[in-house]
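Just so it is clear, the model here is predicted, and its values are computed rather than measured. Chain A is the first sequence line, chain B the second, and so forth, proteins listed ahead of strands; every chain is numbered from 1.
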2 protein chains.
Amino acid sequence: MGQLQKSKIKRIALLSATLSLVNNGGIQGASMAKVAKVANVSPATIYLYFESKQDLVNQLYLYVKSGFAEAAFKGYNQDIAVKDIFKRIWFNMSSFKLEFKEEASFLSQCDNTPMIDEKTRQEGLLYMTPLFDLWVRGKKEGIIKDISPYLLYAFSIYPMAFLMNMQNRGLCQLDKKVLEESFQAAWDSICEIK
Amino acid sequence: MGQLQKSKIKRIALLSATLSLVNNGGIQGASMAKVAKVANVSPATIYLYFESKQDLVNQLYLYVKSGFAEAAFKGYNQDIAVKDIFKRIWFNMSSFKLEFKEEASFLSQCDNTPMIDEKTRQEGLLYMTPLFDLWVRGKKEGIIKDISPYLLYAFSIYPMAFLMNMQNRGLCQLDKKVLEESFQAAWDSICEIK
DNA sequence: TATAAATTAATGAACGTTCATTCTTTTTTA
DNA sequence: TAAAAAAGAATGAACGTTCATTAATTTATA
């Protein structure tokens, strides 16, 4: 294996270690010493790959967010009805969050704490462009409510984070039936006519 | 002023100082030394009022949450229609969050990070009982969807946190029109028939 | 192609700070 | 004056980061 490959692997090992530690105790639970230990590396080595702890966390955010976006828009096809595209994206997102719990929990932590630079956060938002485009189209077609995309996001996407949180705490079982009910609630909140 | 009164005041000064510091840099930004300085008190004095930093944060959570609940259920009256009660609670909550930004931001941070004991969190949830009771009644009357209260909360209440976040970052203006649209989205997501 | 030189990767120890907490002393209260 | 409350100094531990050094790899030389 080439040196470049090995470097890439080590970088991802560091990101993974950070992800895991942040989830078990917030950002302050992921000390550089612990990250190094989990990744089987010297603390100093982290600084060969990342400028600082802040840089490490920012890069982790973009890495996880891009993975989330890739999953969300898998099989994205503009040639079908708005509702069908939205449903596909919604269930793609929920599948990702159910399968990759650590990643999902990390992303929802990022939304509500100042652990991520505003600039990096904006960069991460760009990954969601296809969804915003879909909403523009849906409004034009009179299918989606003519309200701010922030509202659309708040009521149709953001609630998933809460539900995942509940499920991870063992307070709520997100089986197929509940997921369908959730999607229905999401859709009802943003669609123009029921 | 009696000693008891003074003690109560100092306790609240400590809670307030913590609240302010947590909002400007997360829980790790609220070191005991800083809390002491903001509250004009020696670090050691904090330990006369709180067992530990964790205890301080837990008590702050309950203190803020109870204030939130008090505002939410102000003028609570079971003799009117379910939708009207819900609307009243919803706007009470949004008013609180708009007026008391620090308190609101703190509560939404608590929802997504492991900074609060699970036990304390459960205790805080009890403050929301009137809302859960209302939903039980609404379901009986066929007005509210027959779905888990977690779903009802996720789609009708939780989104407010996202919107407040956006507003605080200057990305979204929550004027009267937008608030009405938001309430409509909340209601559409949980009501049985449009 | 074998060897020397140069470059890169990685290390563990140590830095100065800051952390939550405690100990000892001083001040206030009754 | 005895007791309670508060203060400030001091604690060891942990923090993010940097340092001088070594190991590994690549490049250049003969």
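Going from atom CD1 of A/Ile46 over to atom P of C/dA9 covers 16 Å, rounded to whole Å. In this structure, NZ of B/Lys37 is placed 11 Å from P of D/dG8, rounded to the nearest angstrom. Look at NZ on A/Lys8: it is 14 Å from P on C/dA9, rounded to the nearest Å. Atom CG of B/Leu56 is separated from atom C1' of C/dC19 by 15 Å (rounded to the nearest Å). When the C1' atom of D/dA6 is taken as reference, atom CG of B/Asn40 falls 13 Å away, rounded to whole Å.
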So if I define the base as every atom that isn't primed, P, OP1 or OP2, how would nucleotides 11-18 of chain D read as a B/S/- string at a heavy-atom cutoff under 4.0 Å? ----SSBB
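Using modelled atom types, one side-chain atom of A/Ser16 and one backbone atom of A/Ile12 make a donor-acceptor pair closer than 3.5 Å. Judged by distance alone, with hydrogens and angles left aside, the side-chain atoms of B/Ser105 form no donor-acceptor pair with the main-chain N or O of B/Lys101 at under 3.5 Å. Side chain of A/Trp90 to backbone of A/Ser156: a donor-acceptor contact under 3.5 angstrom is found.
Phosphate contact (OP1/OP2 of D/dA5, side-chain N/O of B/Tyr49, threshold under 4.0 Å): absent. Contact annotation: A/Lys10 side-chain N/O to C/dA9 OP1/OP2 distance is not under 4.0 Å. One finds a side-chain N or O of A/Thr45 lying less than 4.0 angstrom from the OP1 or OP2 phosphate oxygen of C/dT11.
For the salt bridge (charged side-chain N to carboxylate O under 4.0 Å, His left out) test, no residue two or more places apart in sequence or in another chain qualifies with A/Lys119.
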B/Arg11 and B/Gln59: CA distance, side-chain angles, deciding distance, side-chain hydrogen bond (donor to acceptor under 3.5 Å, both in side chains) verdict: CA-CA 10 Å; B/Arg11 179 175 172 274; B/Gln59 290 202 38; 2.7 Å; yes
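In this structure, A/Lys97 is positioned above the aromatic face of A/Phe68, its NZ or CZ under 6.0 Å from the six-membered ring centre and within 45° of the axis.
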